[in-house]
**Student:** 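Here you go, one structure.
Every chain is numbered from 1 and lettered A, B, ... according to where its sequence line falls, protein lines coming before strand lines.
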Amino acid sequence: MSLLLEGLLLPFTFDFMSEALWVGVVIAALCAWLSCFVVLKGWALAGDAISHGILPGVVIGYWLGVPMVLGAVISALGCVLGAGAITSRCRIKEDAVLGIAMTGFLALGLVLIAASQSTIHYMHILLGNLLGVEAHVRQQVWLMSAMTAALLVLKHRDLVLYCFDASQAAVLGMPVARLHLLLLTLLAMTSVVGLQAVGVVLVVAMLITPGSTAFLWTRRFVPMVMVAMGTAVISVMLGLWASFYANVETGAAIVLAQSGFFLVSFLLAPRKGVLARYLSFRRAVRTDRRRAAASCTD
Amino acid sequence: MTGTPSTEGVAAIDIQHLGVRYANGHLALEDITLTLAPGEVCALIGTNGSGKSTLCKALLGLIRPTTGSISVQGGPIAQARRRGSIAYVPQAEDVDWDFPVSVRDVVMMGRQGHMNWLRLARRHDHALVMAALERLDITALADRQIGELSGGQKKRVFLARALAQQAAILVLDEPFTGVDVGTEQCIQSLVRDQGREGMAVLVVTHGLASLAQYCDSVAMIHQRMIAVGPVDTTLTQANFQAAFGGHPMMMTDEAH
C-alpha cells in the first residue's frame, strides 16, 4: 500500500512535475466550471468554435508582443459573432456556418504560424505542453484564472438565469446581450488558459466533457460544478502519471481520462446512467406484472 | 404593488396600433389596439398562428414592434422591466426541464431583478418565495429538481415565480395545456385573486368554457383584432366565427 502511495507521489517530488500539477489543476478546474455553462446552454459547438477561433489571435498577439489573451478574445469573438451574423442572414444552418468559421480560423492560425518563422512552438500550441509551461505564461494563467473565477462568482446568479431562461432574464430588465458576450469572452479566456495544458486541438474537450459527466451525477448547479471540477482535476493527475511512467503525451492522456470518466458515468451514474435506468424500468415492470396478476386472481 | 410608481388612472398595459413583421417577411400582427386597466384580467384567444404568442413577446419586450407602440404603466417597456413590473409564465415546451435547479431556485429567480448587484437573497426574498410556494401548494416540493414534477406541478412552479416577483403585470402563455383539473382551477382562482389585488393579467388560452368565471374581458385576434370587450358581450357566435372559422380577413367587417 505504502509502495503504491510512494509510486503515486514520487513524480511530484520533481519540480517540473509539481509545477505542472499546480498549473494543470487550476486550468482543469476553471475549464470544468465553464463547461457546466457550456453543457447546460447547449453551446458545445460554440465552445468548439471559440476554442479554435482563438488561434489566429494567439499567434498575432505573439508577434505583436501583447498578452495573448487579448488577441485570443478578439479573434474568438470574431469567429463566433461572425458566424452568428452570417447564420441570421443566410439559409445555411448554424452548425455548418460554425463549422466553416472554426476550421477557417484554425487554418488561418496554422498559416500564420508557418508564416511567422518565429520561435513559437508549433506543437505546443496545437497539443499543449503542461510539463514545460514558461514562467511568464504561468503568470498569465494565474491572472486569467483569477479574473475568470471572480467574474463567475460575481455573475453566478445572472449567468445561471441566462442559461436557464434567457427570456426571464430579459423580462427582469437584465442586459442579456451583455451576459451573452460575457459568457463568450470567459470561454475565450478559458480556452487560452486551457490550451497550455492540452493544446488548441483538444481544449474543447475540457470545456464539454467534465460538465457532461457531472450532469449525469447531480441535480443542482453548484454540486454539478464541484463534480465537474473533481473529475477534471483527477484527470490531470492521471494524465501526468501516464506521461511520467508511460511517456504518453500529457494533454492527450488528460482528455482520454476525462472521456473515460464520462463513459463510466454514462453506464453507472445513479438515476441518469443506463444501468440505473434499466434497473428501475425492470422494477417498474415487475410491479406492473404483480399488480396485474393480483387483479386477475381477485 | 412594490416598486411601482403611482398608477392612478394610468393603464397597466396600453397597446396602440401594434404591428409586428418578422425578418423573414412574415406579417404576424397588424393594427392591434388593446388596453388593460390595473386589476383587469383579459383572455387572449385565437387560432394557432394567429399571433397570440407574438403579442405576448412584444408585450414582454422580447421582440420589437415594427409599427405602433406599447406602454406599460404609462412608460416604456424597458423601464417597467427594470422595475420588475412584468412577470411571465413560459410555455412548458420552452423550459429545459433537465436543468439542475430546484423548485425553490426557480421561484427565487422571480426575486432576482429586485436584488442588489451582488444578487444575494435577503430575508425578505426568502419570505416571498416561501409565501409563493405556499400559495401554490408546492412547499413540500421545494427541494425537488424541476424535471421530477408532474405537468401541473411544473406550471405551479412558474406561477409561484411570477407571484414572488410581485409584478404589476402578468403574462401567461397557455397556462392550461397539459395540466390536471385541480391545477387549472388553482390557476384560475390565483388569477382572479391577483386581479382583485390590482395586477393586470393577460392569459393566452384555448379553454373558452370557463372564461367568464375568471376573466373581465376577452380579446380575440387573428393577425388583427377581431373583437375585444367584456366576456359576455364579446364571445358571440359572429366573433367566434371570425376568429376561428372561415376566412377571418373577409369577416372582420362583420365583427365590427
**Student:** How many angstroms lie between CG in B/Leu60 and CD in A/Gln168, if you round to the nearest 0.5 Å?
**Tutor:**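 Atom-to-atom, B/Leu60:CG and A/Gln168:CD are 9.5 Å apart.
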**Student:** NZ of A/Lys155 to CZ of B/Arg119: how many Å apart, nearest 0.5 Å?
**Tutor:** 6.5 Å
**Student:** Non-hydrogen atoms of chain A under 4.5 Å away: do they reach the side chain of B/Val95, the backbone, both or neither?
**Tutor:**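 Contact with chain A is through the side chain of B/Val95 alone.
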**Student:** With a 4.5 Å cut-off on heavy-atom pairs, point out which of B/Asp105, B/Asp143, B/Leu118 contacts chain A the most.
**Tutor:**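 Highest number of pairs under 4.5 Å: B/Asp105.
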**Student:** Pick one of side chain, backbone, both or neither for A/Val39, based on which atoms fall under 4.5 Å of a heavy atom in chain B.
**Tutor:** neither
**Student:** Supply the atom-to-atom distance A/Arg220 CZ to B/Arg104 CZ, rounded to the nearest 0.5 angstrom.
**Tutor:** 8.0 Å
**Student:** Considering only heavy atoms from C-beta outward, does the side chain of A/Leu172 approach that of B/Met109 to under 4.5 Å?
**Tutor:** no
**Student:** Heavy-atom count check: over 12 atoms from other residues, nucleotides or ligands less than 6.0 Å from B/Gln91 CD?
**Tutor:**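 Result for CD/B/Gln91: enclosed.
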**Student:** Do you know which of A/Val153, A/Asp165, A/Leu154 has the most heavy-atom pairs with chain B at a distance under 4.5 angstrom?
**Tutor:** A/Asp165
**Student:** When you look at CG of B/Leu27, are more than 12 heavy atoms from neighbouring residues, nucleotides or ligands closer to it than 6.0 Å?
**Tutor:** yes
**Student:** Is it the backbone or the side chain of B/Ala121 that comes under 4.5 Å from a heavy atom of chain A, or both, or neither?
**Tutor:** both
**Student:** Between A/Lys272, A/Met174, A/Met224, which has the largest tally of heavy atom pairs under 4.5 Å with chain B?
**Tutor:**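 Top option by heavy-atom pairs under 4.5 Å: A/Met174.
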**Student:** Which atom pair, heavy atoms only, marks the closest approach of B/Tyr88 to A/Val171?
**Tutor:**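 Closest approach of B/Tyr88 to A/Val171, heavy atoms only: CD2-CG2, 4.2 Å.
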**Student:** Here's a test for you: under ring-ring contact (aromatic ring centres under 6.0 Å, His included), which of A/Tyr162, A/Phe37, A/Phe164 qualifies with B/Phe99?
**Tutor:** A/Phe164
**Student:** Between B/Gln79 and chain A, with a heavy-atom cut-off of 4.5 Å, which part of the residue counts as in contact: side chain, backbone, both or neither?
**Tutor:** neither
**Student:** Is chain A contacted by the side chain of B/Arg161, its backbone, both, or neither, given a heavy-atom distance below 4.5 Å?
**Tutor:** side chain
**Student:** Which region of A/Cys36, side chain (C-beta onward) or backbone (N, CA, C, O), has a non-hydrogen atom less than 4.5 Å from a non-hydrogen atom of chain B, or is it both or neither?
**Tutor:** neither
**Student:** Does B/Asp137, at its CG atom, have more than 12 non-hydrogen atoms belonging to other residues, nucleotides or ligands within less than 6.0 Å?
**Tutor:** no
**Student:** Looking at A/Leu161, is its backbone amide N or carbonyl O close enough to the side chain of B/Gln112 to form a donor-acceptor pair, meaning the two atoms are under 3.5 Å apart?
**Tutor:**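 Checked: no pair found.
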**Student:** Does any heavy atom of chain A fall under 4.5 Å from the side chain of B/Ile146, the backbone, both, or neither of them?
**Tutor:** side chain
**Student:** Is there a donor-acceptor pair closer than 3.5 Å between any side-chain N or O of B/Arg81 and the backbone N or O of A/Ala170?
**Tutor:**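 Answer holds: yes.
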